[in-house]
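As the structure is a prediction and not an experimental result, all values here were calculated from the model.
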Amino acid sequence: MRKTRKTAVAAALAAAALTLAACGGSADSPGGKDGGAGEARTLTLWHYEGADSAMGKAWAEAVKQFEASHPNVKVKFEEKGFEQIQKTAGMVLNSDEAPDIMEYNKGNATAGLLSKQGLLADLSDEAAKRGWDKLLSASLQTTARYDERGIMGSGKWYGVPNYGEYVMVYYNKDAFTKHGVEVPTTYDEFTAALDTFVKAGVTPIANAGAEYPAQQIFYLLALSKADRAWVDGYQLYKGTTDFHGPQLTYAAETFADWVKKGYIAKDSAGMKAEDMGTAFMSGKFPLLVSGSWWYGRFQSDIKDFEWGSFLWPGNQMSPGSSGNLWVVPEKAKNKDLAYDFIDITMKKEIQNLLGNSGGVPVAADPAAITDPKSKELIENFNALSAKDGLAFYPDWPAPGYYDVLVAGVQELINGGKKPSEVLDEIAQPYNDNLADIGE
C-alpha cells in the first residue's frame, strides 16, 4: 500500500494548478459530452497527490486539457489527504456529497470493499469502448477488476490505474561515499552496509511506524522467503496462509532484530511518512525504503546531495502494482465527464509527462522518456514486472487491515510484544475476513 499508499498533499496543491474554470460550449470533447451550449456543469475531482509529484504534475495538465476540450465545464478540485480519504470514503460515497471522480486505493480492503457495497460505478463498458483494457497489461488490470466478493483480479472494472508503482530502496550517494559503502546487490551485502553505518553512529534506515512505511519493510522481509504461490495465497485467497510459517515468522523476528541492531530507530514507532521523507531529504538518514510515489518529489526537493535507488537486494518480489485507481462513485452526478477525464489521463502526452516527471507511466512512448533518473525508475519497474515481481501491498487482503498492520509493526518497534504474539494479533482479523466471505 501506499497505501496503498502515501504522503499528505502539499498545501500548494490547492493553488491555481488545478482549480480552473471556463465557460462556453463545444461538441468536440472526448466522448462527445461537455454540456454543449446548455447550462454550465461542474466536475468535482478529489485526489491526494502532491503538486510536485509526478502524478500531481500530470493530472494538473490533464485538467487543463479537459477544460480546453470541455469549455462549458468547471473543474472543482477539493484537496484531500490520503488518510482522510482512506478513513471516510465509505461514508462520503454513500451520501449526496460524493465527488464525480476520485483517486482511491486499490485492493480488496479498499476499492474491493466499496465495489461490494455498491458504492462504485461499473466501468466495464467504458473500459472496452475507450480502449483502456488494451492499454493496461493483464497484471495491471488485476487491481482494476473485482468480483462479487470484492476480491481483485477478475469480474467487473471498478477503477482505472494510469500509472504503476513499486517499493524500492532510496539511498544518499554522498553518505555511501563518505562511509565507503557500495550499492549492495545481495542481502548479505545489504546488511553489511547497514552494519557499517551503525558502527559509525548513523541510524541507516529512515522509517515511519505510524503509517505505511514500516509495514512495507516487514512485507519485504516476508517476500525474501516467499514465492508467487505464497503471495497469491495471502492476497487472493488461493490457498491457506500460515501466519507462523517461515515467511511471516522471518519477517517479524528479523524486523524486531533490526530495531535491536540499530538499523531502525526505536523512536520511529510514532513517525509519520511525511516526517520520514523530510528526514531523508535533509540528509539525516542514508537510506529510505518506500515507493515510487516519492521519486518526483525527491527530484524536485533534494538539492544538497546526490541520490539514487535500487531494488531490495536478493528479492524476486517487491510491494508494487498498478498505481491507485480513478474510481467513479455510483452517486456521482456527472459520470460522463468523469469518464472523459480518465480518458485524457491515459493519453500519450499525459503519460509521457508523468514518465518524465518521476512517475511510472502505463501507456507512454518509451522514446519520449528523456530524463535519466526517470529512465532508471521505469527500467527497474519493468525489470520487476518482467519477473512477475509485483507482490501488491501487505494491508490489501482484508478491510481495516491497514490499521491492524500499523499496530502490529509498532509493537515490533517498541518491543511491546514478542514477534510470535504480533503474528497472532495480525492473523485474527485476516482469518475473520476469510470467514466473512465464505472462504
So, are Asp125 and Lys129 salt-bridged, with charged N and O less than 4.0 Å apart?
-> no
Determine, for Asp232 against Arg228, whether the closest basic-nitrogen to carboxylate-oxygen distance falls under 4.0 angstrom.
-> yes
Atom CG in Asn352, atom CD in Glu61: separation rounded to 0.5 Å?
-> 12.0 Å
Is a salt bridge present between Asp257 and Lys261, judged by a nitrogen-to-oxygen distance below 4.0 Å?
-> yes
Between Asp52 and Lys57, which heavy-atom pair has the shortest distance, and what is it?
-> O-CE, 3.5 Å
Qualifying residues under salt bridge (charged side-chain N to carboxylate O under 4.0 Å, His left out), relative to Lys272, sequence neighbours excluded | Glu211
Tell me yes or no: between the side chains of Asn108 and Gln235, is some donor less than 3.5 Å from an acceptor?
-> no
So does Lys335 pair up with Asp340, basic N to acidic O under 4.0 Å?
-> no
Do NZ/NE/NH1/NH2 and the carboxylate oxygens of Glu49 and Arg297 come within less than 4.0 Å?
-> no
Strictly by modelled atom types, are Thr345 and Asn162 linked by a side-chain donor-acceptor pair under 3.5 Å?
-> yes
So does Glu379 pair up with Lys375, basic N to acidic O under 4.0 Å?
-> no
Stacked cation flag Lys373 on Trp307, 6.0 angstrom / 45 deg | yes
